[in-house]
Trainee: 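One structure coming up, written as structure tokens, with questions to follow.
In what follows, every chain begins at residue 1, and chains take the letters A, B, ... in the order their sequences are listed.
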2 protein chains.
Amino acid sequence: MGTTKAENFTDRQNRLAQMMKALGHPARIAIIQELLNAKTCICNELVNELGLAQATISQHLKELKNVGLIKGTVEGTSTCYCIDPKGWKQYRQQMDAFFVSYEGKNNCC
Amino acid sequence: MGTTKAENFTDRQNRLAQMMKALGHPARIAIIQELLNAKTCICNELVNELGLAQATISQHLKELKNVGLIKGTVEGTSTCYCIDPKGWKQYRQQMDAFFVSYEGKNNCC
DNA sequence: CGCATTCATCGTAATATTGCAATTAATATG
DNA sequence: CATATTAATTGCAATATTACGATGAATGCG
């Protein structure tokens, strides 16, 4: 085991979980925040800022790219990463939809 | 390794990541949605609904309780779980704050 | 009390994740 | 062209997660 039984759940549930999971690591939160604060593309500066090895940062960037939160464009020898507006918007909508679903419901305990 | 280097990040980043992670599994998403749809406490019905062993559900419930999203109250031999309004609200605020931080910023690529 | 029901916990197996050093690929620069 | 720089990839080691069966604790019921 150690494997999630994805077949027990709906596609929607699996996707939502995957989105949450992508942000379920402080390094990936930190990367996003760095990208936001710099207001610009950052590349290997993340390695300097975050105190993790280059290979590790690269891996986290890949995961963030996979879920569509960021995109990377090659610029010479370095790569420029920044928020993907579309992916970000979708994320926000999904999150909102999830959390909104509770509002106004009365609890039993 | 396999261990997150939490000391590299701020408390806030670690906490936010932990919150995301708690919802980063389809079973836990499904549990929350079950609790929402039922509008009432559910206990071992989750085991029937979700197709996972009782021990597994119990573990997921524990994690959701740990991050404050749900609370459980013992009722006889069974236990009633439901959304914790306070925890839910805090979650929502944190998520909102995170996603809002991008709005209106111009991207470079 | 004796037994059933419900759920938490423990122990364990299988798999996933995190992190790094080393290597590779691609581009720039002298 | 030779070398340096940047970042992706590969291959590992250590730890975490997921899932389950078995067991235990608590409560309800005959």
Trainee: Could you report the tightest heavy-atom contact between A:Tyr81 and A:Gly72, atom names first, then the distance?
Mentor: CD2-CA, 3.5 Å
Trainee: To the nearest 0.5 Å, tell me how far B:Cys82 SG sits from B:Ile32 CD1.
Mentor: 10.5 Å
Trainee: Would you list the protein and nucleotides 13-16 of chain D atom pairs, both N or O, that sit under 3.5 Å from each other?
Mentor:
{"unit_1": "D:dA14", "atom_1": "O4'", "unit_2": "B:Met1", "atom_2": "N", "d": "2.7"}
{"unit_1": "D:dA14", "atom_1": "N3", "unit_2": "B:Met1", "atom_2": "O", "d": "2.3"}
{"unit_1": "D:dA14", "atom_1": "N3", "unit_2": "B:Gly2", "atom_2": "N", "d": "3.2"}
{"unit_1": "D:dT15", "atom_1": "O4'", "unit_2": "B:Met1", "atom_2": "O", "d": "2.3"}
{"unit_1": "D:dT15", "atom_1": "O3'", "unit_2": "B:Thr3", "atom_2": "OG1", "d": "3.1"}

Trainee: Main chain of A:Thr10, side chain of A:Gln13: is a donor-acceptor contact present, judged purely on distance under 3.5 Å?
Mentor: yes
Trainee: Just by modelled atom types, is the B:Gly51 backbone N or O under 3.5 Å from a matching donor or acceptor in the A:Asn8 side chain?
Mentor: yes
Trainee: Looking at DNA chain C, which of residues 8-20 of chain A put a heavy atom within less than 4.0 Å of it?
Mentor: none
Trainee: Please list, in numerical order, the residues of residues 48-63 of chain B that have a heavy atom closer than 4.0 Å to any atom of DNA chain C.
Mentor: B:Gln54, B:Ala55, B:Ser58, B:Lys62
Trainee: Quick test: give all pairs of protein nitrogen or oxygen and nucleotides 25-27 of chain D nitrogen or oxygen below 3.5 Å, distance rounded to 0.1 Å.
Mentor:
none

Trainee: Which residue, B:Thr79 or B:Lys5, contacts DNA chain C at a nucleotide closer to its 5' end, judged by nearest heavy atom?
Mentor: B:Thr79
Trainee: Anything under 3.5 Å between a donor and an acceptor, one on a side chain of residues 21-30 of chain A, the other on a protein residue two or more places apart or in another chain? List them.
Mentor:
{"unit_1": "A:His25", "atom_1": "ND1", "unit_2": "A:Ala27", "atom_2": "N", "d": "3.0"}
{"unit_1": "A:His25", "atom_1": "NE2", "unit_2": "B:Thr4", "atom_2": "OG1", "d": "3.1"}
{"unit_1": "A:Arg28", "atom_1": "NE", "unit_2": "A:Ala22", "atom_2": "O", "d": "2.6"}
{"unit_1": "A:Arg28", "atom_1": "NH1", "unit_2": "A:His60", "atom_2": "ND1", "d": "2.9"}
{"unit_1": "A:Arg28", "atom_1": "NH1", "unit_2": "A:Glu63", "atom_2": "OE1", "d": "3.4"}
{"unit_1": "A:Arg28", "atom_1": "NH1", "unit_2": "A:Glu63", "atom_2": "OE2", "d": "3.2"}
{"unit_1": "A:Arg28", "atom_1": "NH2", "unit_2": "A:Lys21", "atom_2": "O", "d": "3.3"}

Trainee: According to a 4.5 Å side-chain heavy-atom criterion applied to Ile, Leu, Val, Met, Phe, Trp and Tyr, with indirect links allowed, do B:Val74 and B:Ile83 form part of one hydrophobic cluster?
Mentor: no
Trainee: State which residue, out of A:Phe99, A:Phe98, A:Tyr91, fulfils the side-chain contact (heavy atoms from CB on, under 4.5 Å) condition with B:Met95.
Mentor: A:Phe99
Trainee: Which whole-number value in Å describes the distance from A:Leu46 CG to D:dA8 C1'?
Mentor: 15 Å
Trainee: Specify the closest pair of heavy atoms between A:Leu64 and A:Val67, including all atoms of both residues, with the distance to one decimal.
Mentor: O-CG2, 3.4 Å
Trainee: From B:Glu45 CD over to B:Ile57 CD1, what is the distance, rounded to the nearest 0.5 angstrom?
Mentor: 12.5 Å
Trainee: Taking all non-hydrogen atoms of both residues into account, name the closest pair between B:Gly68 and B:Asp84 and its distance.
Mentor: O-CB, 3.5 Å
Trainee: Once rounded to the nearest 0.5 Å, what's the spacing between atom CD1 of B:Ile70 and atom CG of B:Leu35?
Mentor: 6.0 Å
Trainee: Would you indicate whether B:Gln18, at its atom CD, is surrounded by more than 12 heavy atoms from other residues, nucleotides or ligands within a distance under 6.0 Å?
Mentor: no
Trainee: Reading DNA chain C 5' to 3', which nucleotide is the first, and which the last, to come under 4.0 Å of any heavy atom in chain A?
Mentor: C:dA13 to C:dA28
Trainee: Could you give the distance from OH (A:Tyr102) to CG (B:Leu69), rounded to the nearest 0.5 Å?
Mentor: 10.5 Å
Trainee: Under 4.0 Å from OP1 or OP2 of D:dA8: is there any side-chain N or O of A:Tyr81 that close?
Mentor: yes
Trainee: Could you tell me whether the side chain of A:Asn14 and the main chain of A:Ala6 form a donor-acceptor pair under 3.5 Å?
Mentor: yes
Trainee: Determine whether B:Gln54 and B:Asn44 make a side-chain contact, defined as any pair of heavy atoms from C-beta on separated by less than 4.5 Å.
Mentor: no
